[in-house]
Amino acid sequence: MVEFWASVLALSILLYVLLDGFDLGVGMLFPFASGERERSRMLAAISPVWDGNETWLVVSAATLFGAFPAVFSIILSAFYVPLFVMLIGLILRGVAFEFRYKASGSRRLWDAGFVAGSYVAAFVQGTAVGAMVQGLPVEGGVFVGNSMSWASPFALFCGAGLCIGYAMIGACWITAKSASSPAAFGFRVLPGLMALLLAFLVAVFVWSVQIRLPILARWTERPVLLLCPLVGAIAFTGLAVSIWRRSDRFLFLGAAVIFIAAFAALAGSFLPYMLPFSLTIWEAASPPASLDFLFWGAGLFVLPLTLAYTLIVYFIFRGKIVEDGPS
Amino acid sequence: MDLTPLLLSRIQFAFTISFHIIFPAFTIGLAAWLTFLEACGLITGEKIYRRLSDFWLKIFAVAFGLGVVSGIVMAFQFGTNWSELARRTGPIQGPLLGYESFTAFALEAAFFGVLMFGRDRVPRWAYLLTCLMVSLGTSLSAFWIMVNNSWMQYPTGYALTADGIFVPTSWSAIIFNEAVWTRFPHMILAAYVTSAFCVAATGAWYMLRGKAVQEGRAMAVMGLRLAAILVPIQIVFGHLVGDFVHDAQPAKFAAIEGRWNDEQPASEILIAWPDPQNERNRFELAVPYLGSVIGSMSLTAKELGLKSFAPEDRPPVAIPFFAFRIMVGCGLLMLAIAWLGSWLSFFGERIVKARMFLVATSLSFPLGFIATLTGWFTAEVGRQPWVVYGQLRTRDAVTPFISSYEIAGTIILVGFVYALIFGFGVLYIYRLLRAGPIPTAEPHLYGTNPKRPMSLPGASPGVAGATGLGE
């Protein structure tokens, strides 16, 4: 049961990163678009789905609290300030979608909230991953650091890295979802973003091995992990070729595979630790009575339903956005 | 008073939860109201129900959105500010709140899209079913919150481990906690009454302005009659909740009553000025014997006073005492308005001519919100100094290492942003109310995906022009 809930958590976090990742990325690219027409098309490419994407954050948080309360209490309290800033960012960003079109004089305000919210959310999420890789000070299941323990150079570097990654997957999404204007913009920014991301991934791997030597032992113990960089490299090449040939068919898929490979590499380096290297998933898990109770309703019914719902929404809103709207 | 991290965390929680509760109180009732309108429309075939339903749907959309975004902060606060609570009660509260998130999203998220955009894409019975499912989703979500809160008020079905962690031993004892079955209906009825008064007040406002007269009158009459039935039921449930508090949380009961000394027979204080420093009331107006009657249904029963409890186990007195009286006052006022209005509504044109009454009704919309909020203040402040009643003190549940500055900073930040979105949200709701239930032109899509149905309410500047909503 512990393994089941750990996989549910991993799946919901991965889905969140992939799905909200691209719409946060669109938010980050938003100020660089040329003019209102391009911007509203960029928004049109994400407006039907962003809400559903963000629910995976709530599903992840609910799963974490429900199944692994020890980790929930450590992570959320350790990231007190950045987390609040992120929540505020997400709120501003969420209302911006609805309010932007109703506003007469305050559109710039909502646009600013939309963009700032996207950057802040991406940055905080990346920082959290970085801080966890580096290791939060935990003794006996209780966080013993202070409220700035998270802010190491390595964690901040990871925050910037995730921003680049989200921006890239966001650029892939708008390019694939539109025919002319945002697509051209996407093709223009993608090579630069890819180069930055590649540089980041190499740098972060070297840096994290330097901080956490046990990782290297993991990789020699578990040679299957080498598949991750391999798959990532293939996806990267595929993506580069698509951009070079101006083909948008596999853009998003390629970006998604890169993310999945990075996620798998990260998970594979640290399992069975949930907080490296202080709490394993078994130490962090709720007692069996709690996990069973959660399983019979949430695990068996609600989770498959939510997955199905996500698939249906993406199916309904498939295809490219129509671009001949009035401007 | 020192602004300790504990106090600031409590202020922050109180602020965010008070802000949040306003929206569910409204949307739980509105979802049921929309279901009711759809059902009436389907059964009678009258067009007016469709017009009313379309109108309230737009307001529901804005309120629902604000409820969702403000609710996300609540979920995270358990970990950020109350990490010890999350760690120690996580095995119980985690799954309960997990169920809340899961059911809320499964039902609300899945059907909300159809509710907003699917009116003309699904058969009428399926649309009615959609309304029902959204309504069920909002109520279920409230149910899990009430189960969780009732467990904190009346912990059952758990064992404590050596390191102080609450482990569930019987989920049925936790869910079928006796507190839930009075407190959950009390909350749901509060939501229904609140929405009924918002509908009635809107209707009365239109009648006074001579605008959308037919719809306005329908709203006023339906809202008032519904409230006329629900408010007395609510009073009964309120009394049952009071009985539960009397038996299970005597210190809270004494604080609500403003009773310092044990009394036999006890008098009932109507109004007073509690003075905690000197452990007495500075001024009081009391009815003899009534305290024993209300507390124990007896003329002679002994009722406990606050002095029976050690000072560190007593809740603060002033907030539960006054909040409870405000809640009851709002309830009685609503009862009077609802009964008078329903009576007038049976005499044809009489309600139309009763302008003073319509003015009072149109001003009555905040009563339900005030009663709901003060009811929560009574329950939650009265629970102090415990976060899990009798088991875990609030001061031991707070995150240990966060400084006052950080919490104060987030309070200011959250306060600023909430003020901003609340201000604009209310402005947009007001614009919708002012425009009234008039048929709106198909909104002008602004380069949006045609497969994405219109963003609600009013997708674009085009709508403002079409409905006269523009500034």
Side-chain angles (χ1 to χ4, degrees), chain A residues 37 40-41 44 47-48 52 55 58-59 61-63 65-67 69-70 72-77 80-81 83-85 87-88 90-92 94-95 98-99 101-102 104 106 142-143 145-147 286-287 289-290 293-294 297-298 302-303 305-306 309 313 316-317 319 321-323 325-327, chain B residues 62 65-66 69-70 72-73 75-76 78-81 83-84 86-87 90-95 97-99 101-103 105-106 109-110 113 167-169 171 399 401-403 406 409-410 413-414 417 421 424-425 428 444-452 455-456 458-461 464 470-471:
Chain A
R37 175 188 276 245
S40 56
R41 285 179 189 165
S47 50
T55 58
V58 180
V59 170
T63 310
F65 191 16
F72 178 84
S73 78
I74 292 169
I75 297 182
L76 266 67
S77 57
Y80 186 80
V81 173
L83 206 68
F84 259 96
V85 175
L87 288 177
I88 294 297
L90 288 179
I91 289 175
L92 278 176
V95 296
E98 290 297 326
F99 285 5
Y101 289 112
K102 287 195 212 76
S104 26
S106 49
V142 179
F143 182 67
N146 61 49
S147 49
S286 255
S290 306
F293 173 66
L294 203 57
V302 183
L303 203 74
L305 265 175
T306 315
Y309 170 69
V313 169
I316 292 174
F317 296 105
I321 55 163
V322 173
E323 301 198 345
S327 53
Chain B
V62 179
L66 289 170
V69 292
S70 60
I72 291 178
V73 177
F76 280 87
F78 273 91
T80 53
N81 288 66
S83 66
E84 275 299 291
R87 188 177 71 84
I92 290 174
Q93 296 206 70
L97 293 176
Y99 266 95
S101 307
F102 282 124
T103 43
F105 280 111
V167 176
T169 51
W171 282 105
T399 302
F401 54 87
I402 308 283
S403 75
E406 285 151 345
T410 55
L413 189 68
V414 172
V417 169
I421 60 171
F424 278 98
Y428 297 139
H444 195 67
L445 295 176
Y446 197 70
T448 325
N449 187 343
K451 283 177 183 152
R452 190 208 180 196
S455 162
L456 276 161
S460 68
E471 283 155 322

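Every chain is numbered from 1 and lettered A, B, ... according to where its sequence line falls, protein lines coming before strand lines.
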Chain A shares the most heavy-atom pairs under 4.5 Å, among I92(B), I402(B), T399(B), V414(B), with I402(B)

Chi angles and distances behind the side-chain hydrogen bond (donor to acceptor under 3.5 Å, both in side chains) call for S83(B), S73(A): CA-CA 5 Å; S83(B) 66; S73(A) 78; 5.3 Å; no

For V73(B), is it the side chain, the backbone, both or neither that has a heavy atom under 4.5 Å from a heavy atom of chain A? both

Turns out that what part of L87(A) lies under 4.5 Å from chain B's heavy atoms comes down to side chain

For each of S70(B), G98(B), G90(B), G409(B), tally heavy-atom pairs with chain A at distances under 4.5 Å, and name the one with the top tally. G90(B)

Top contributor to chain B contacts, counting heavy-atom pairs under 4.5 Å, from S286(A), A70(A), A61(A): S286(A)

Parallel, tilted or perpendicular: which one describes the rings of F72(A) and F65(A), with boundaries at 30° and 60°? parallel

Of the backbone (N, CA, C, O) and the side chain (C-beta and beyond), which part of L90(A) lies under 4.5 Å from a heavy atom of chain B, both, or neither? neither

Show, in sequence, the C-alpha distance, side-chain angles and deciding distance for I421(B) and L66(B), and conclude whether the side-chain contact (heavy atoms from CB on, under 4.5 Å) test is met. CA-CA 8 Å; I421(B) 60 171; L66(B) 289 170; 4.1 Å; yes

Is it true that Y99(B) and F293(A) have ring centroids separated by less than 6.0 Å? yes

Nearest-0.5 Å distance, CD of residue E406(B) to CG of residue N81(B): 10.5 Å

Interface residue of largest heavy-atom contact number with chain A, from T169(B), T410(B), V167(B), L97(B), under 4.5 Å: T410(B)

Going from CG on L413(B) to CZ on F84(A), what distance comes out if it is rounded to the nearest 0.5 angstrom? 9.0 Å

